[in-house]
Amino acid sequence: MDSNEQTPLIATVRVRPPRQRYSHNVVRRFCTIALGSSLIALTVLFLLPVAFLPGHHNHYRPRPKSIAFEKLQAIILDTPKEEKAQEWSKYYTSGPHLAGKNYSQAVWTQERWDEWGIKSGIVAYDVYINYPLDHRLALYENKKKGKGDVDSWKVKFEASLVEDVLEEDPTTGLEDSIPTFHGYSASGNVTAPYVYVNYGTYQDFEDLINANISLAGKIAIAKYGGIFRGLKVKRAQELGMVGTILFTDPGDDGLATEENNVTTYPKGPARNPSSVQRGSAQFLSVAPGDPTTPGYPSKPGVPRQPVEGVIPSIPSIPISYVDAIPILKALNGHGPSSKDMNQHWERNQGLKYKGVDYNVGPSPDDLVLNLVNEQEYVTTPLWNVIGIINGTLPDEVIVIGNHRDAWIAGGAGDPNSGSAALNEVARSFGVALSQGWKPLRTIVLASWDGEEYGLVGSTEWVEEYLPWLSHANVAYVNLDVATVGPTFHASASPLLNRLLYEVTSLIPSPNQTVPGQTLGDVWDGKIRTMGSGSDFTAFQDYAGVPSIDFGFGPNPEDPGNTGGAVYQYHSNYDSYYWMNKYGDPGFHYHVATAKLFGLFTAKLAETPVIPLNATDYAIALEGYISNVESKLSGTAEEDEMEVRARPTPIGSKGDIEDLKLSFKKLHKAAKKLKKAAQAHDAWATELAEQAGQDIPWWKWYSKLKLYWNIRKVNTRYKFLERQFLYPKGLDGRPWFKHIIFAPGLWTGYAGAVFPGLVEAIDAKDYGVAQKWVGIIESSLFKAAGSLK
Ligand SMILES: *[C@@H]1O[C@H](CO)[C@@H](O)[C@H](O)[C@H]1NC(C)=O
Ligand SMILES: *[C@@H]1O[C@H](CO)[C@@H](O)[C@H](O)[C@H]1NC(C)=O
Ligand SMILES: *[C@@H]1O[C@H](CO)[C@@H](O)[C@H](O)[C@H]1NC(C)=O
Ligand SMILES: *[C@@H]1O[C@H](CO)[C@@H](O)[C@H](O)[C@H]1NC(C)=O
Ligand SMILES: *[C@@H]1O[C@H](CO)[C@@H](O)[C@H](O)[C@H]1NC(C)=O
Ligand SMILES: *[C@@H]1O[C@H](CO)[C@@H](O)[C@H](O)[C@H]1NC(C)=O
Ligand SMILES: *[C@@H]1O[C@H](CO)[C@@H](O)[C@H](O)[C@H]1NC(C)=O
């Protein structure tokens, strides 16, 4: 396979003129028109605005011809079909498609899109990545009886490290299924006593230090959950531990557990006891993407940076709860019990009924683990599939994407429920194109590779096309796990909130217990902030492109009860069989997602005045500022896991009272931004109304003025999010440029807002916090100015 493979289509995209040339072009265009013969000028002036005004109204019949929005909407809502989504799901989940390992799935995707009328190509990057070779986990016991006896080490337990093959589920029996392992994990062979470290959060480790548990030289065994897995390995490594084992505790599965007599998969919805969560151990909150090329694309031959500090140096492996039980039980009676620690250690202990006391350890010297992890590291191509539908306005671009790669041969939920929905959107757009649709804005479709290892395919692509995206990208719409349950969830830049409320109210809910309900009716309406964890990260946090991510998941409070089945994330049981039986029987939620994804994109691409709302952003910012302020005064309500993920500072630096006073500046700046945003949105509303009215042909000048004003308003919307980028990036992690959104340093997922400021406050470094107040203040002023 040719890693240099690049379509002419993509090459064109790359050489698009920078921003300044745009205004130059406009001027030139205007001059040509003005200086032409009056007859031609009149005609051109009349046709120009007509060409770009909405297709909603027949009297604006656009040139080039397009179809009315009502018709486009009907196509988007009518085209996606359950059988088709099933077909795509079946295809993607019928063989392994680990990052860089399945070129034929990239080609297949490209061929389908082409077939449906969307010109597409494959964009390859040469990335540094690991593949599993071997692993072992065994518990050794020294049976030496008395003082003078010789050592007599015996294997007390040998972990299987494989998931059960199930007769009902053909995916689980594939010959070429992918072993259980961690992406970007370090190779190693260590034998040592071990310590149970709860969830392995920063505070869990602090609790162990405070309880005088010796950690150096030991192996950590941690529960999955709460924070990004790589950060558990990171902290263990920093404390001198020599290996990390991560297990899935059924205590985190809500009510649908074996303990509650809920039948396990495949006979029932509870977790199969042998289920293993694979996943990346990269230090995601430091930088995503290829760890050897931070900030630039992994093209063949580029210089490579050392990977220390970005990926682990101690070995780690994931295991099932079946494999964890004997290891945890062997700790019974050793070291403090969870009760001796604190209440955070006592939650969700799902293996007590199996005789596990959850003692901390360490295991005595005659009880040790041998952990072997053998990984092959290579620099190898991976393949993004990129499709383009040229719009009338080449400098206003909507990008939509989903990743294709999975940890397992299946991946029916993660990510291929999203891939099936994306294909249904592509097919719908194809139908619209065949009926004469010519979008106002350019739409780019992306099927990313390498997301699982650390958002690799999307990050490298954004790094490569940054100049063009900075100039032209209006928004990015992401779909990862589209559906593994009935509960809708979303996170977004506040600019996009309003559009999400609007579009969810237009999509019928697949749950018609109450007939006629829309998605909006069955959703709690909460929109979370953007952190990391999927392919929107490079767009939102690095390029300053307003982004959104949504999908259906289990009910987080109660995955097994109202929420249907437990989602066996990153395991062999995320299979087509599971999806069809438990995740989304009948694939109705797949279809609902495709409709939402398609219509959301179409509204972004077609509405003459871009449907972003600056006021909502300003209001959100006021809220974030108040939250940080109450955090500073100790009155904030905070998420337990976020608190547990945070380092406790020893002393404080700088003056807290000064910092408190400086919040006045932030409130003032936010107020100024809100004022500018309100004026801007009001103008946008006015223009949208005008665009919807019938302007007689002889008022060509009004039409022209309206067109230029809409372009002006849209350009300001387009660049608003970019104002929140700080070129030097966050302290200690300069890849992250956004001053409002970033993954939490020690959670790795959606984090606190104003990361620079909040981390400084957490560290009680009020001087650095002051610096960030200044940075935020000037960003808010800059944003306000950009709307004038
Ligand atoms: C690639 O994916 C296809 C379709 O899922 C599958 O049939 C094939 O075995 C996979 N190829 C490799 C090399 O794993
Ligand atoms: C899109 O437009 C560019 C230039 O504006 C052109 O080179 C390219 O071929 C077009 N692509 C499609 C799919 O029409
Ligand atoms: C791990 O190291 C031990 C002790 O050096 C050795 O006996 C064993 O063969 C090694 N295991 C593997 C899989 O290399
Ligand atoms: C840990 O050790 C220190 C110093 O030896 C001692 O003061 C403290 O009480 C110990 N803490 C616990 C929880 O055992
Ligand atoms: C599960 O079944 C066992 C045996 O029938 C019973 O003792 C136990 O109470 C049940 N547990 C629950 C939560 O229903
Ligand atoms: C379906 O909707 C009804 C009514 O809104 C609700 O009570 C029920 O929990 C929903 N079912 C699922 C599986 O979401
Ligand atoms: C933008 O949001 C504000 C505040 O939420 C609202 O009052 C206004 O009507 C919205 N404007 C548009 C154009 O959506």
Side-chain angles (χ1 to χ4, degrees), residues 6-17 21-22 25 64 110 113-121 132-138 140 151 153 155 158-159 161 187-192 219 242-243 254-256 269 315 317 368-375 385-397 426 429-430 433 437-439 441-445 465 468 471-472 483-489 508-525 552-565 567 582-586 588-589 592:
Q6 230 188 7
T7 62
L9 192 90
I10 305 308
T12 322
V13 161
R14 195 178 181 182
V15 296
R16 229 172 264 286
R21 295 266 301 278
Y22 159 69
N25 276 344
Q110 187 208 340
W113 291 3
D114 273 337
E115 196 178 288
W116 296 328
I118 294 165
K119 294 269 174 304
S120 44
L133 293 177
D134 197 10
H135 54 189
R136 183 198 191 202
L137 180 64
Y140 278 89
D151 282 354
W153 288 98
V155 174
E158 180 87 42
L161 306 182
S187 293
N189 173 2
V190 292
T191 302
I219 292 169
V242 296
L255 297 179
I317 59 166
V368 298
L369 281 173
N370 173 227
L371 163 62
V372 178
N373 186 43
E374 214 179 318
Q375 299 293 323
V385 181
I386 304 291
I388 299 196
I389 308 173
N390 275 340
T392 304
L393 303 172
D395 64 345
E396 290 181 7
V397 174
F429 286 174
L433 290 169
W437 179 40
K438 167 84 183 174
R441 304 190 174 90
T442 294
I443 300 174
V444 174
L445 287 78
Y465 296 108
W468 173 60
H471 163 63
T483 163
V484 290
T487 311
F488 186 69
H489 58 81
S509 164
N511 172 5
Q512 288 292 321
T513 310
V514 178
Q517 277 191 325
T518 66
L519 258 187
D521 294 330
V522 297
W523 169 39
D524 66 6
F552 292 91
N555 179 343
E557 262 83 58
D558 193 5
N561 196 21
T562 55
Y567 178 45
Y582 298 104
D584 183 15
H588 305 300
Y589 283 85

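Bear in mind the structure is a predicted one, so any value in this text is a computation, not a measurement. Just so you know, ligand 1 is whichever comes first in the structure, and atom 1 is the first atom listed for that ligand.
Shortest non-hydrogen contact noted between V444 and W468 is CG2-CH2, 3.9 Å. In this structure, Y582 and A565 approach most closely via the heavy-atom pair CB-CB, 3.5 Å. Closest of all the heavy-atom pairs between V190 and P315 is CG2-CG, 4.2 Å.
Looking only at protein heavy atoms, the nearest one to atom 13 (C) of ligand 3 is V372 CG1, 3.8 Å. Residue, atom and distance of the protein heavy atom nearest to atom 3 (C) of ligand 3 are N189 ND2, 3.5 Å.
One N or O on the side chain of D114 and one on the backbone of S120 form a donor-acceptor pair closer than 3.5 Å.
Scanning V514, D521, N511, T513 for the heavy atom closest to atom 2 (O) of ligand 6 points to N511.
Here is the list of ligand 2 atoms found below 4.0 Å of a heavy atom in K119: 13 (C). The Q517 neighbourhood of ligand 6 comprises atoms 5 (O), with distances under 4.0 Å to a heavy atom of that residue.
Closer than 4.0 Å to atom 11 (N) of ligand 3 lies at least one heavy atom of the protein.
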Next item on the list: Would you sort out whether W116 and F429 count as a ring-ring contact (aromatic ring centres under 6.0 Å, His included), showing the intermediate values?
Entry: CA-CA 8 Å; W116 296 328; F429 286 174; over 10 Å; no
